[in-house]
Amino acid sequence: DAEPAVGRGLGGACRARRLYVSFREVGWHRWVIAPRGFLANYCQGQCSLPATLPGPGGPPALNHAVLRALMHSAIPSTTSLPCCVPARLSPISVLFFDNSDNVVLRHYEDMVVDECGCR
Amino acid sequence: ARAPVAPGPAATLLQALGLRDAPQGAPKSRPVPPVMWRLFRRRDPQEARTSPRRTSPGAILRPCHVEELGVAGNIVRHVLDRGARAQTLGPTSPTGQCTEWTVVFDLSAVEPEELPSHARLEMRFAEAEATAGAAGGWELSVGREAEGAGTGLVLLRQAVATLGTPVRVELLGAAWARNASAPRSLRLVLALRPRASGACASLIEASLLLVTLDPRLCHPLARPRR
């Protein structure tokens, strides 16, 4: 269950989009006890100027990304735009059965995109 | 000679998540223990979404730490005994005429890189009807199984006042060293000796709650948040 992906150069500024990962959809529901899925989200959008610059409340832009976007706007053939990637992520825990019939609770870092940034 | 077959994308993905193989599915006769539900709910993603890294106002969830048990770790396993074997002993044994049990825990799923931080043995006993209500309680002894059969080295002894609630003992530091990896298999001999009367008990279930810290999955240790 995802916000539809947008084509290259469209869709506005780089930001987090909604993506729900269902363990049933990926075929893991027989051994994952909980959760049934989670809101993983993903990043998409343009990293051209001025979107690359840090917005209010947004993640700080890397200086490198700003200069790369500036270079791209001046001479597009020299370099591509910075990438829209996760800037802040948070963890989830998964409860599941392993192959030894043990009940396992595992904590996974960096599973949910909270914030995106141009890098 | 045939080259080794490269793992498929699904297997590679599972390995990245710390799983050797895709688990086959839920066993039919294995309910999820309440303690595992409690531990999971402490880190409910719904709650984390509304209040990141917090379970309640003021309570910050430490990364790679199991709050409820107060130990470091990012993997908790509930391991059931692989079939308790009972043995009734003679009057010369430490348990008198009572039974002692051999319990076996398969820990082969624990990776060598994982550092155990908590290993809680939990046992549920029932008193024999004819001898219910032992005055003075019991003494539990946990030993390593000797070569052949019977109790080898006694690892720990613990007084047990009542059998109405599960009996819990910490094995880390006793069954294996604190800074060592978990053994592939753990075979223990349990004995419950009445302190005063000749009351005996029977073992209903034994399980192991094992907490480990896999540093490979614990990014905040290496990269603290600013």
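Chain identifiers are assigned alphabetically (A, B, ...) following the order of the sequence lines, protein sequences preceding nucleic acid strands; residue numbering begins at 1 within each chain. The shown structure was predicted, so the numbers you read here are calculated from the model rather than taken from an experiment.
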With a 4.5 Å heavy-atom cut-off, do [X] and [Y] have their side chains touching?
X        : Y       : answer
A:Val104 : B:Val76 : no
B:Leu14  : A:Trp28 : yes
B:Leu19  : A:Trp31 : yes
A:Ser93  : B:Arg41 : no

Toward chain A, the part of [X] with a non-hydrogen atom under 4.5 Å:
X        : result
B:Leu208 : neither
B:Leu107 : neither
B:Leu13  : side chain

N/O donor-acceptor pair under 3.5 Å between A:Arg106 side chain and B:Gly18 backbone: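 Indeed, once roles are kept as given, a pair shorter than 3.5 Å links the two residues.
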Spacing of CG belonging to B:Leu17 relative to OH belonging to A:Tyr108, to within rounding of 0.5 Å: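 Rounded to the nearest 0.5 Å, the CG-OH separation comes to 5.0 Å.
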Evaluate whether atom [atom1] of [X] has more than 12 neighbouring non-hydrogen atoms of other residues, nucleotides or ligands under 6.0 angstrom away.
X        : atom1 : answer
B:Arg168 : CZ    : yes
B:Arg30  : CZ    : yes
B:Arg216 : CZ    : yes

Would A:Ile33 and B:Phe40 count as a side chain to side chain contact (heavy atoms under 4.5 Å, CB included) if you check the C-alpha gap in whole Å, the side-chain angles of each, and the deciding distance to 0.1 Å? CA-CA 10 Å; A:Ile33 303 163; B:Phe40 172 74; over 6 Å; no
Summary of side chain to side chain donor-acceptor pair (under 3.5 Å) pairs that have at least one residue in residues 172-182 of chain B, sequence neighbours excluded: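 Pairs touching residues 172-182 of chain B that pass the test: none.
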Taking it one step at a time, do B:His78 and A:Asn102 satisfy side chain to side chain contact (heavy atoms under 4.5 Å, CB included)? CA-CA 6 Å; B:His78 187 271; A:Asn102 302 322; over 6 Å; no
Which one of A:Asp101, A:Val103, A:Val94, A:Asp98 has the most heavy-atom pairs closer than 4.5 Å to chain B?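 Looking at each option in turn, the highest pair count goes to A:Val103.
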Stepwise side chain to side chain contact (heavy atoms under 4.5 Å, CB included) test for A:Leu95 and B:Val32: CA-CA 9 Å; A:Leu95 191 64; B:Val32 178; 4.1 Å; yes
